[in-house]
Number of protein chains: 2
Amino acid sequence: MKPRDDKKIQQVYKATLKLVKLKGLAGVTMGEIAKEADIATGTLYIYFKNKTELINSLFTSCRNASAAVYFKNYDTSIPFKKGLKTIWLNLLNYRIKKFDEALFVDQCYHSPFITETTREMTKKLFTPLFSLMEAGKKQRLVKNEDTILLLTFMAGSINETVKHTHYAGRKLSKETIEQMFQMCWDGLKR
Amino acid sequence: MKPRDDKKIQQVYKATLKLVKLKGLAGVTMGEIAKEADIATGTLYIYFKNKTELINSLFTSCRNASAAVYFKNYDTSIPFKKGLKTIWLNLLNYRIKKFDEALFVDQCYHSPFITETTREMTKKLFTPLFSLMEAGKKQRLVKNEDTILLLTFMAGSINETVKHTHYAGRKLSKETIEQMFQMCWDGLKR
DNA sequence: AAAATTAATGAATAAATATTCATTTAAAAG
DNA sequence: CTTTTAAATGAATATTTATTCATTAATTTT
């Protein structure tokens with residue numbers, strides 16, 4: 001029995017992300033993915049039942065990877081503001097370093113590929129973020145508003161800024177990043 | 001000579017927006033657009049050379065419509081903070097009321113349809129926003145940071161919040177909107 | 001070393017989608 | 001009212017894209 005080549009799935013993922021970044025989810029074909037991944041089109045169908053499954057699988061992979069990263073260097077014993085900054089930085093760095101993944105995930109949200117089940121599963125990944133912000137509210141450090149509102153406020157500015165600097169072909173300096181966090185904090189704090 | 005039916009283009013636009021919201025840009029076909037717009041597929045090709053042109057045309061239409069709305073009720077004589085709030089509200093209300101347009105525009109940005117020319121043209125529409133924020137900086141009312149950074153901070157939180165509430169099937173109450181602006185302002189102000 | 005098993009291939013096929021065009025319909029001009 | 005002109009239609013065609021499958025190539029097992 002010939003074993004499967006474990007690298008292939010990663011190659012396919014990488015190729016798909018590259019193409020989606022380049023042409024958008026709407027413009028990506030199985031043929032192109034195969035070509036970019038240096039395998040035959042037929043081989044794609046050994047690893048994935050069909051296109052929908054390929055996209056869903058990559059989507060889930062990206063979502064899990066991101067959730068894992070968000071809480072790096074964080075534990076609940078850290079003082080709130082410092083903990084928030086840690087996670088804020090993790091979020092920012094993820095969006096910068098894995099821009100293509102973040103973009104892919106965004107695109108998938110409004111596509112015919114992602115199934116309702118896949119969509120539901122991703123929600124659960126973000127409950128820890130939720131708890132963090134609730135803690136800040138309890139300590140009266142952040143505004144006493146709907147937690148979701150606070151989180152979207154935080155995430156929104158990160159996403160938009162990363163997107164913009166990416167397309168402008170710039171880098172965010174350490175200084176700028178500090179300024180960004182200051183703005184976020186000033187917006188959240190009581 | 002039979003004249004063109006002026007309503008048809010609007011019908012096609014409306015149909016396209018509806019379908020894109022429902023299935024994403026990736027999943028929309030000319031046949032479906034025609035059906036949804038209650039015209040024959042062939043008729044589409046009287047009004048638009050091809051699919052790319054249809055999408056680009058709608059994209060431009062949406063962009064112009066949005067730019068027109070942003071500066072409603074605003075003139076440069078209004079005190080900065082009040083002027084900013086006016087525009088902030090315009091932005092928010094546009095994203096809420098024309099959610100499908102905003103979504104379509106977002107999706108288009110990463111698609112094979114939008115041409116570089118179309119992309120360039122949209123940039124110009126937002127110079128007034130730029131000037132506004134510069135004015136706030138000069139008056140030392142907002143932080144002395146890169147104007148783009150301030151603008152993306154502002155726009156990002158709006159976009160993300162509207163997206164989230166839309167998918168959660170909620171409405172933003174007057175009170176919540178006030179809270180949102182307060183957060184935005186606290187983030188921006190010196 | 002031969003047999004068995006499954007991965008890998010890519011041309012062939014199926015399916016979906018964009019686009020065309022011969023025909024019909026409706027409005028305007030004469 | 002007739003003729004002219006262009007819109008409108010939707011079935012037919014062209015094109016693109018997903019998927020299959022007969023064949024070949026690698027491994028492992030015996």
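Below, read A as the first sequence line, B as the second, and so on, with proteins coming before strands; counting in each chain starts at 1. Basis for what follows: all heavy atoms, side chains included, without hydrogens, waters or symmetry-related copies.
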Task: Base versus backbone protein contacts along nucleotides 22-30 of chain D [heavy-atom cut-off under 4.0 Å; B, S, -] - done: ----BBB--
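Listed by first and then second residue, the salt bridge (charged side-chain N to carboxylate O under 4.0 Å, His left out) pairs involving residues 68-83 of chain B amount to none (not counting sequence neighbours).
Remark: A/I39, A/A40, A/T41, A/G42, A/T43 in residues 31-44 of chain A come within less than 4.0 Å of DNA chain C through at least one heavy atom. At a non-hydrogen distance threshold of 4.0 Å, A/I46, A/Y47 from residues 45-57 of chain A come into contact with DNA chain C.
With sequence neighbours left out, the side-chain contact (heavy atoms from CB on, under 4.5 Å) criterion links A/S173 to A/E175, A/T176. Every residue two or more places apart in sequence or in another chain that forms a side chain to side chain donor-acceptor pair (under 3.5 Å) with A/T152 is listed here: B/T161. Checked against side-chain contact (heavy atoms from CB on, under 4.5 Å), B/S61 has the following partners two or more places apart in sequence or in another chain: B/Y13. When the side chain to side chain donor-acceptor pair (under 3.5 Å) test is applied to B/Y47, no partner is found at least two apart in sequence or on another chain. Considering only residues two or more places apart in sequence or on other chains, A/T117 meets the side chain to side chain donor-acceptor pair (under 3.5 Å) condition with none of them. Here B/K21 pairs with nothing under the side chain to side chain donor-acceptor pair (under 3.5 Å) rule; sequence neighbours left out.
Atom CG in B/D5 sits roughly 13 Å away from atom C1' in D/dA6 (whole-Å rounding). At whole-Å resolution of the value, CD in A/Q11 and C1' in C/dT9 are 15 Å apart. Atom CG of B/L19 is separated from atom P of C/dT17 by 12 Å (rounded to the nearest Å). As a whole-Å value, the separation of A/K7 NZ from C/dA7 P is 16 Å.
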Can you list, pair by pair, the side-chain donor-acceptor contacts under 3.5 Å of residues 142-149 of chain B, counting residues two or more places apart and other chains?
from   : atom 1 : to     : atom 2 : distance (Å)
B/K143 : NZ     : A/D186 : OD2    : 2.8
B/K143 : NZ     : B/G187 : O      : 2.5
B/K143 : NZ     : B/K189 : O      : 3.2
B/T147 : OG1    : B/E134 : OE2    : 2.4
B/T147 : OG1    : B/K137 : NZ     : 2.9

Cut-off 3.5 Å, no hydrogens considered: what does the side-chain donor-acceptor table look like for residues 31-40 of chain B, sequence neighbours left out?
from  : atom 1 : to    : atom 2 : distance (Å)
B/E32 : OE1    : B/K23 : NZ     : 3.4
B/E32 : OE1    : B/T29 : N      : 3.3
B/E32 : OE1    : B/T29 : OG1    : 3.3
B/E32 : OE2    : B/K23 : NZ     : 2.7
B/E36 : OE2    : B/K18 : NZ     : 3.1

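In this structure, A/R95 pairs ionically with A/D106, as a charged nitrogen and a carboxylate oxygen lie closer than 4.0 Å.
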